[in-house]
*Asks:* 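One structure coming up, written as structure tokens, with questions to follow.
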Amino acid sequence: MSTDPEAVLLACVPQRRRRPFYGIRPAGRRERVPASLASDPAVRSVTVGPRPGKEAVDPLLAEHPGARLIVHGEDADLAAVLVRLLRAGALGTEVAYLPVSGRSAAAAGWGFPVRPAAAAALARTGTARPEPLVRDDNGGVLAGRGEIRDLYGEAYCDATRVFHGRVPALVVEAGPGGVRVRGGRGVTATTGRAIQIGSTGSTPVRDGEPYPRPVKRWAWYQHTEPWHPVLPAA
């Protein structure tokens, strides 16, 4: 009889010490693995820490081929796991998400529940389906929200000119429709397959993580292959 788990839970949340008199913060309850998953013999829980990379994710893919991955962490942690699936040629892997923030842009964009009990139930019993993977031209994946502030230049989403000149911010969101540009001052809202940005130089922020340096050109676009998130029924 096989002892391989049906799902592997990647615990990306750093362990926090409980305060002796005040207990766990309300937000801290999201940072604990839900009891229904912790006690499930078909789920193997592995602590990988924030922004898991090749050393953490790739051995699990090799050890448990076909297992569903449950990412418990922030949007940037989900994006880090998707980068590894992309580079390992494993985008067919089913991915569930337990966000630790009720304001998760990835949860809002894709429809993942933010309440721990609902997210845990969906992670175990939900059905995965192919959805567009939004990546960039510098090796990253956008799980939820990308932002570039204080832009001077021009951008196109497919054939639509999104802005021209100076704008205070450009916000791009990933979701079932692909690349979604949020409207704002000087910015035209639209959805498409790709957005290409040219500027005098600004720093993109991907799922809350700033890119290491300013760039003059940037693109977010749909990858040729989908990923397989576990989502509520459409």
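Hydrogens, waters and symmetry mates are skipped; everything else that's a heavy atom, side chains included, is used.
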*Asks:* Short question: side chain of Asp77, backbone of Arg51 - any donor-acceptor pair under 3.5 Å?
*Replies:* yes
*Asks:* If you round to the nearest 0.5 Å, how far is CZ of Arg32 from CG of Leu37?
*Replies:* 13.5 Å
*Asks:* When you check the side-chain N and O atoms of Tyr221 and Arg193, is any donor under 3.5 Å from an acceptor?
*Replies:* no
*Asks:* Can you give me the closest heavy-atom contact between Leu122 and Val230, atom names plus distance?
*Replies:* O-CG1, 3.4 Å
*Asks:* With a 3.5 Å distance limit and no angle check, can you tell me whether Tyr97 reaches the backbone of Ala119 through a side-chain donor-acceptor pair?
*Replies:* no
*Asks:* With no hydrogens and no angle check, is any side-chain donor or acceptor of Ser202 less than 3.5 Å from a backbone partner on Asp150?
*Replies:* yes
*Asks:* Could you tell me the separation between the CD1 atom of Ile195 and the CG atom of Asp136, rounded to the nearest 0.5 Å?
*Replies:* 12.5 Å
*Asks:* Under 3.5 Å, is there a donor-acceptor pair between the side chain of Trp220 and the main chain of Val134?
*Replies:* no
*Asks:* Which atom names give the shortest non-hydrogen contact between Thr190 and Cys157, and what distance separates them?
*Replies:* CG2-CB, 3.5 Å
*Asks:* Does the side chain of Trp110 reach to within under 4.5 Å of the side chain of Pro176, using non-hydrogen atoms?
*Replies:* yes
*Asks:* Measuring from Arg44:CZ to Leu9:CG, what's the distance to the nearest 0.5 Å?
*Replies:* 11.5 Å
*Asks:* For Gln196, does the CD atom sit with more than 12 other heavy atoms under 6.0 Å from it, leaving out its own atoms?
*Replies:* no
*Asks:* Between Arg161 and Glu154, does the salt bridge (charged side-chain N to carboxylate O under 4.0 Å, His left out) criterion hold? Intermediate values first, please.
*Replies:* CA-CA 8 Å; Arg161 190 167 75 176; Glu154 188 174 55; 3.5 Å; yes
*Asks:* Keeping the roles fixed (side chain from Thr160, backbone from Val162), state whether a donor-acceptor pair exists under 3.5 Å.
*Replies:* no
*Asks:* Quick check: closest heavy atoms across Ala128 and Glu94, and the distance to 0.1 Å?
*Replies:* CB-CG, 3.5 Å
*Asks:* Would you say that Val179 contacts Val172 through its side chain, given a criterion of any heavy-atom pair below 4.5 Å between the two side chains?
*Replies:* yes
*Asks:* Tell me if the centroids of the rings in Trp218 and Tyr211 come within less than 6.0 Å of each other.
*Replies:* yes
*Asks:* When you check the gap from the basic side-chain N to the acidic O, do Glu173 and Arg182 get nearer than 4.0 Å?
*Replies:* yes
*Asks:* Taking only residues two or more places apart in sequence or in another chain, which ones pass salt bridge (Lys or Arg N to Asp or Glu O under 4.0 Å) with Arg87?
*Replies:* none
*Asks:* If only atom types and distance count, is the side chain of His228 paired as donor or acceptor with the main-chain N or O of Leu91 below 3.5 Å?
*Replies:* yes
*Asks:* As an exercise, state the distance from CZ of Arg149 to CG of Leu170, rounded to the nearest 0.5 Å.
*Replies:* 11.0 Å
*Asks:* Determine, for Arg145 against Asp207, whether the closest basic-nitrogen to carboxylate-oxygen distance falls under 4.0 angstrom.
*Replies:* no
*Asks:* Surrounding NE2 of His223 (heavy atoms of other residues, nucleotides or ligands, distance under 6.0 Å), is the total greater than 12?
*Replies:* yes
*Asks:* Examine distances only and state if a side-chain atom of Asp75 and a backbone atom of Ser104 form a donor-acceptor pair shorter than 3.5 Å.
*Replies:* no
*Asks:* Rounded to the nearest 0.5 Å, what separates atom CG in Leu60 from atom CG in Leu69?
*Replies:* 7.5 Å
